[in-house]
Amino acid sequence: MTATVSKLDGSTSAASGSGTDFGGGVSLAYNAATGAYTVRDANGLTQSFAPSDITGSNAAITAYNKTSGSVSDDLVLFNPGASNSRMALSYVSYGAWQRVTDNGATLDVTEQFFVYGIRQAANQPSTGSGSYTTIVDGLWANPNGVYSLAGTSSFTADFGAKTVATTIDLAGTNVVTNAPLAFGRFDGTGTIAALGGGFSGTFAQVGAAGDGNVYTGGFKGAFFGPAGQEVGYTFSLTAPGAAATGAVVGKAQ
């Protein structure tokens with residue numbers, strides 16, 4: 001998602017969004033010797049974050065910042081493991097990479113969510129079904145401003161039919177004014193690839209979004225863990241002059 005944000009009042013212009021095939025967007029590499037993470041996007045843009053770039057950490061997330069001149073990069077990673085009280089994940093996690101360029105009166109903002117982890121084994125389930133407990137995170141921009149997204153989500157899979165179904169019901173909080181604004185509910189349906197455990201689908205908006213826009217978009221992700229015990233996907237939703245992006249991760253019930 002990209003947007004231009006006014007430093008005067010936080011209003012935005014030129015908000016737009018897009019998604020990439022799973023595995024074709026942001027990649028995350030870890031250097032065990034230095035403890036550094038390197039992110040690379042689909043256009044070849046890269047940034048590395050060392051332990052010295054950590055700006056905050058708790059049981060749920062670790063945040064990094066790297067600033068050079070007018071460009072500031074932030075990386076937030078959701079911490080896997082049993083100590084994460086929000087959700088303890090073993091095979092999948094997600095992150096968000098934000099780049100902000102200060103133009104003086106405005107900020108150019110690019111936000112990219114991604115999921116990563118240990119992919120499902122080659123012998124993916126071909127029968128039965130599964131339900132997953134999930135959490136959702138995201139960012140939304142419309143002419144009124146930029147909003148952090150939270151809310152509820154669900155995910156089910158029919159491995160025999162090779163289909164998935166998901167719902168996200170999101171609420172936004174303006175990052176400048178803290179004003180709340182409902183983003184709305186979206187129901188998604190998609191298909192599982194014949195091999196590899198990847199899936200993709202589209203969303204249908206249910207009811208009205210809080211800003212009156214009609215959003216369209218989709219999601220792309222995969223199953224993680226030897227038997228697909230966990231799941232993760234990213235989503236992108238757009239309307240004229242507005243866009244949202246985010247991630248959903250979860251584990252089998």
Side-chain angles (χ1 to χ4, degrees), residues 1-17 49 53-67 70-79 84-87 93-114 134-154 167-186 203 205-215 217 234-250:
M1 186 194 77
T2 61
T4 298
V5 181
S6 168
K7 293 170 68 174
L8 178 65
D9 59 9
S11 62
T12 73
S13 60
S16 64
F49 299 87
D53 298 319
I54 293 175
T55 58
S57 180
N58 56 37
I61 60 101
T62 301
Y64 301 78
N65 173 266
K66 200 163 191 177
T67 299
S70 62
V71 178
S72 178
D73 285 291
D74 289 281
L75 177 68
V76 178
L77 299 177
F78 186 77
N79 296 328
N84 192 325
S85 57
R86 189 178 181 203
M87 178 170 283
S93 191
Y94 76 92
W97 175 22
Q98 182 181 87
R99 169 163 286 198
V100 177
T101 303
D102 191 335
N103 300 313
T106 62
L107 303 171
D108 288 338
V109 178
T110 299
E111 184 86 10
Q112 300 186 83
F113 277 81
F114 55 94
T134 57
I135 57 173
V136 59
D137 193 2
L139 200 70
W140 172 31
N142 66 25
N144 296 320
V146 177
Y147 297 79
S148 60
L149 288 174
T152 60
S153 58
S154 66
T167 294
I168 52 176
D169 197 345
L170 303 174
T173 302
N174 190 292
V175 300
V176 174
T177 67
N178 289 321
L181 185 63
F183 184 57
R185 175 182 158 186
F186 297 82
F203 277 113
Q205 183 171 320
V206 180
D211 60 3
N213 278 318
V214 176
Y215 287 83
T234 58
F235 63 87
S236 176
L237 295 159
T238 61
T245 186
V248 172
V249 292

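With hydrogens and angles ignored, the 3.5 Å screen pairs no side-chain donor or acceptor of Thr12 with any backbone N or O of Val5. One N or O on the side chain of Asn84 and one on the backbone of Ala60 form a donor-acceptor pair closer than 3.5 Å. A donor-acceptor pair under 3.5 Å links the side-chain atoms of Thr134 to the main chain of Ser153, judged by distance alone. In this structure, Lys7 contributes its side chain and Gly104 its backbone to a donor-acceptor pair below 3.5 Å.
Shortest non-hydrogen contact noted between Asn213 and Gln205 is O-NE2, 3.2 Å. Pairing each heavy atom of Asn79 with each of Asn58, the nearest pair is ND2-O, 2.9 Å. Contact record, Asn142 with Ala242: CB-CB, 3.8 Å, taken as the closest heavy-atom pair. Phe183 approaches Ala244 most closely through the heavy-atom pair CZ-CB, 3.7 Å. The two residues Leu77 and Gly95 make their nearest non-hydrogen contact at CD2-CA, 4.1 Å. Closest of all the heavy-atom pairs between Gly17 and Ala243 is N-CB, 3.6 Å.
Expressed to the nearest 0.5 Å, how far CZ of Phe78 lies from CZ of Phe113 amounts to 12.0 Å. Rounding to the nearest 0.5 angstrom, the gap separating the CG atom in Asp74 from the CZ atom in Arg99 is 11.0 Å. Here the CE atom belonging to Met1 is positioned 8.5 Å from the OG atom belonging to Ser16, to the nearest 0.5 angstrom. Between Gln112 atom CD and Thr2 atom OG1 the span is 10.0 Å, to the nearest 0.5 Å. Once rounded to the nearest 0.5 Å, the distance linking CG of Asp73 with CG of Asp53 reads 10.0 Å.
For Phe186 and Phe235, the gap between ring centers reaches or exceeds 6.0 Å.
You'll find the side chain of Val136 stays beyond 4.5 Å of the side chain of Thr152, heavy atoms only. For the pair Val146/Glu111, no side-chain contact is recorded, criterion being any heavy-atom separation below 4.5 Å from C-beta on. Taking 4.5 Å as the limit, some side-chain heavy atom of Leu237 sits within range of a side-chain heavy atom of Ile168. Inter-residue side-chain proximity for Asn174 and Leu181 is flagged as unmet; no heavy-atom pair is nearer than 4.5 Å. Residues Trp140 and Asp211 have side chains in contact (heavy-atom distance under 4.5 Å, counting atoms from C-beta outward). Put simply, the side chain of Tyr94 does not reach to within 4.5 Å of the side chain of Thr234, judged on heavy atoms.
For the residue pair Asn103 / Asp108, a side-chain donor-acceptor distance below 3.5 Å is found, with atom types taken as modelled. For the residue pair Ser236/Thr245, the side-chain donor-acceptor check at 3.5 Å is not satisfied. At a cut-off of 3.5 Å, with distance as the only test, a side-chain donor of Asn65 or Thr67 sits close to an acceptor on the other residue.
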